[in-house]
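Data block below; observations after.
From a predicted model like this one, the values you see are computed outputs, not experimental measurements. A, B, ... follow the sequence lines: proteins, then strands. Residue 1 opens every chain.
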Number of protein chains: 2
Amino acid sequence: MLRQINSDALLRFALQEQVFTAGEAMAVTGLTRATVLGVCDGLVAAGWLEEVDGSPAESGTHKGRPARRYQLRESAGVVVGLDAGETHFTTIVADLRGRELGTRRRNIDSHVLGRAGRGAGARELIDLTLRDIGRAPDDVLLTVVGVPAPIDANGMSPEGEFWQLMNSGFASHLHGMVVVENDANLAAVAEGAHEPSANQATLLTGERFGAGLIVDGRLLRGPRGGAGEMRFLDVLSASKLVPDEGGADGFGALARKWARSRIRSYSGDTVLRQLPEGEINAEDVFRAAREGDSFAADIIARLGARLARIAVVLSSLLDIERVVIAGGISRAIEPVLDHARSLLPGDSGLPLPALVASTLGAEVVVKGAIESALTRVRREPNAFLPRAARS
Amino acid sequence: MLRQINSDALLRFALQEQVFTAGEAMAVTGLTRATVLGVCDGLVAAGWLEEVDGSPAESGTHKGRPARRYQLRESAGVVVGLDAGETHFTTIVADLRGRELGTRRRNIDSHVLGRAGRGAGARELIDLTLRDIGRAPDDVLLTVVGVPAPIDANGMSPEGEFWQLMNSGFASHLHGMVVVENDANLAAVAEGAHEPSANQATLLTGERFGAGLIVDGRLLRGPRGGAGEMRFLDVLSASKLVPDEGGADGFGALARKWARSRIRSYSGDTVLRQLPEGEINAEDVFRAAREGDSFAADIIARLGARLARIAVVLSSLLDIERVVIAGGISRAIEPVLDHARSLLPGDSGLPLPALVASTLGAEVVVKGAIESALTRVRREPNAFLPRAARS
DNA sequence: GGACCTAAATATAAGATCCAAATAAATTCG
DNA sequence: CGAATTTATTTGGATCTTATATTTAGGTCC
């Protein structure tokens with residue numbers, strides 16, 4: 001336990017800087033030099049900081065007594081991000097300044113593994129990633145896990161076989177503190193860190209569909225973790241109130257399903273007929289559309305219309321300024337965005353959201369997990385004891 | 001300026017209690033008796049508290065030395081709530097414990113008054129209400145004004161003649177600190193205080209339509225104050241993307257408009273034909289429905305369907321647990337709720353929100369304004385200096 | 001009424017945190 | 001080397017808080 005009250009504020013500052021001097025910390029925290037140095041002493045003793053004396057090179061041509069410079073201790077700890085999807089796991093281990101130290105990816109079959117298997121597999125992959133970079137499980141201050149299921153404030157998911165399988169009780173399998181979060185919410189955190197906007201929605205829409213909503217700078221959750229579910233779309237458009245299964249499908253799944261189900265009744269010509277009907281997938285549709293195939297272009301247009309509806313609802317109901325399409329599909333999504341933009345009425349007086357594709361690719365969720373872990377460590381650093389000093 | 005650091009926490013406690021002893025404050029704040037008494041001394045000196053010595057009656061049969069008892073000073077100040085609607089103003093003056101001291105209501109014509117007229121009228125009505133209870137304008141610590149317009153974090157509204165007229169620059173007309181807020185948001189605050197639920201939507205739906213959304217215990221606003229706008233409804237149901245004017249209409253306005261526009265083409269019999277077509281209003285429709293008129297019942301059903309759609313969207317997208325219909329119309333709204341409930345699918349596995357009518361009637365907005373004012377004063381009491389002690 | 005009990009108020013000492021000012025140290029520049 | 005400059009360290013004091021002991025204001029019991 002640290003003695004000084006203001007240690008939190010200073011530690012928060014230290015967690016964002018490479019190296020810093022007492023003078024810089026004084027400017028940020030508003031404390032006196034004496035106090036800052038006192039707190040720094042305490043943080044060094046606790047194992048958070050170390051004094052760095054590489055004065056000559058970068059200090060340049062300063063007059064006066066050189067300042068003591070502090071730095072987050074390299075071995076104070078690391079954070080782990082895990083994207084625990086249905087078909088693959090991705091890990092990233094990062095230091096407390098957010099630098100990526102190691103990463104691994106592995107395909108899995110959740111329905112074969114079961115809950116326990118997912119938990120064990122996660123631990124295994126994390127341990128391997130830690131070994132890659134020469135770190136021990138004890139070094140991990142916090143692990144954030146993204147899963148495709150609603151997550152409430154306690155990390156629990158509603159009933160439902162799939163959701164309970166995805167939210168596999170990681171806390172009991174992994175070392176140290178574990179936080180479980182919805183994958184789309186983590187994607188939103190990643191996008192929010194990458195391009196700060198207090199009001200944006202991040203649609204994670206590959207195979208499944210989920211949205212992370214940031215309103216007034218805050219991630220929405222809901223008592224059952226259900227904020228960001230989009231099943232209402234089919235409800236409204238079909239003017240009935242019972243959602244069908246399509247509501248949970250992402251754009252990738254929809255492109256595949258629509259292509260397979262409509263290709264037979266399509267009267268025109270299409271390159272997709274070269275493939276067996278049961279093997280057409282989303283990438284084929286997007287590729288065909290790029291090559292000018294009109295059957296594929298029609299599917300793109302339907303996706304665009306769907307996105308436009310989502311954008312209107314989010315902008316109207318939540319005053320969302322920016323809608324980001326994230327996930328692996330984001331690389332190919334631009335034609336869908338184009339069509340959606342053309343549908344949005346420019347002259348209605350309504351403020352309309354910008355539609356953009358994520359640049360973080362398939363790694364949004366893990367990156368968001370790391371970002372979320374860092375945010376939590378920064379918010380209350382003293383809740384995470386640093387790895388004790390070693391020789 | 002108070003000396004003690006912990007005065008805020010103790011003052012917050014004092015603002016919620018009738019009378020309290022040092023021992024009670026110790027339990028709540030976790031401070032020592034010596035500290036609590038020291039802070040109380042300071043608060044008495046500053047004019048916030050007064051010591052009350054009515055020990056005999058209620059102290060009952062306590063052993064030991066009787067405790068000193070403190071109380072919020074009656075004349076420390078009051079808060080003012082103002083519902084500055086389009087057609088009427090309503091004021092409430094309340095003391096710092098939320099007891100209503102005085103209230104007034106006045107019909108106005110905003111389009112005749114203009115911005116300056118609304119501001120002057122508001123000041124006049126507030127001053128009259130203060131005079132009613134023998135208080136001076138200087139006693140007002142904070143005035144919260146509810147207006148039918150989107151309000152951003154700075155109290156400003158987007159461009160638009162109507163919105164700029166409603167948000168009439170009250171800050172420059174009224175005494176002391178003024179906070180302007182959207183009327184539906186204040187209704188949500190009132191409902192939230194009346195029946196706490198961390199996730200509920202309050203639909204203020206008489207003539208105009210607005211929603212106050214509370215998600216994760218927090219009121220949503222949006223960068224332009226646009227959170228809670230519902231214009232998307234017509235967008236989705238009509239499968240087009242440009243909203244028509246109906247989107248901003250409340251249930252009262254819709255009942256009237258639908259009745260007037262459809263009564264001619266209605267083939268059956270209806271009691272509403274006894275009225276001139278241009279004079280049918282919402283109350284007539286609701287009354288006719290209660291009496292079994294099938295034309296009116298059809299309109300009720302359409303309103304119910306609209307509400308059901310809203311409920312599904314709010315529940316799906318924001319995990320809303322409870323939808324409250326507020327405003328003057330809430331007394332008659334039960335049939336609409338009934339029909340909406342019958343439309344919600346009970347077996348879809350979706351968590352569905354409860355639909356309830358507000359019990360606060362036409363006063364929701366003012367009551368929310370008072371509640372909001374009290375919350376703000378409680379959050380940082382020392383930002384509001386108490387009225388200086390008088391003899 | 002007086003001895004005794006109890007819970008609160010008060011007094012006193014001490015500890016923690018922080019600042020302001022004075023002093024000491026380390027470096028650059030002339 | 002000395003002046004200037006910038007930082008570090010020391011010192012004393014102010015503020016806020018706790019802990020402990022003492023006093024006070026009521027009760028109860030005899």
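Between B/R69 and C/dA8 there is no side-chain polar atom (N or O) within less than 4.0 angstrom of OP1 or OP2. Put simply, A/T35 has no side-chain N or O that comes within less than 4.0 Å of OP1 or OP2 on C/dC18.
Atom CG in A/N6 sits roughly 18 Å away from atom P in D/dT15 (whole-Å rounding). What separates CE of A/M26 from P of D/dA8 is a distance of 9 Å, to the nearest Å. At whole-Å resolution of the value, CG in B/D41 and P in C/dA9 are 11 Å apart. If you take CZ of A/F20 and C1' of D/dT7, they are 15 Å apart, rounded to a whole angstrom. Remark: P of D/dT24 and NZ of B/K63 are 23 Å apart, rounded to the nearest angstrom.
Closest to the side chain of B/A22, from the set C/dC19, C/dA9, D/dA8, is C/dA9. Nearest nucleotide to the B/L37 side chain, out of D/dT9, C/dT27, C/dA9: C/dA9. When distances are taken from the side chain of B/L31 to each of D/dA8, D/dA25, D/dT17, the shortest belongs to D/dT17.
Residue A/R33 is classed as a base contact, given a heavy-atom separation below 4.0 Å to a base.
Residues B/T29 and B/N6 fail the side-chain proximity criterion, which asks for heavy atoms closer than 4.5 Å. For the pair A/W48/A/C40, no side-chain contact is recorded, criterion being any heavy-atom separation below 4.5 Å from C-beta on. Looking at B/D139 and B/S75, their side chains never come closer than 4.5 Å, going by heavy atoms from C-beta outward. Between B/V52 and B/F20, the closest side-chain pair of non-hydrogen atoms is not below 4.5 Å.
Residues B/R68 and A/G64 each lie close to DNA chain C; by heavy-atom proximity, the contact nearer the 5' end of the strand is made by B/R68. Map A/R65 and A/A34 each onto its nearest nucleotide of DNA chain D; the residue landing nearer the 5' end is A/R65.
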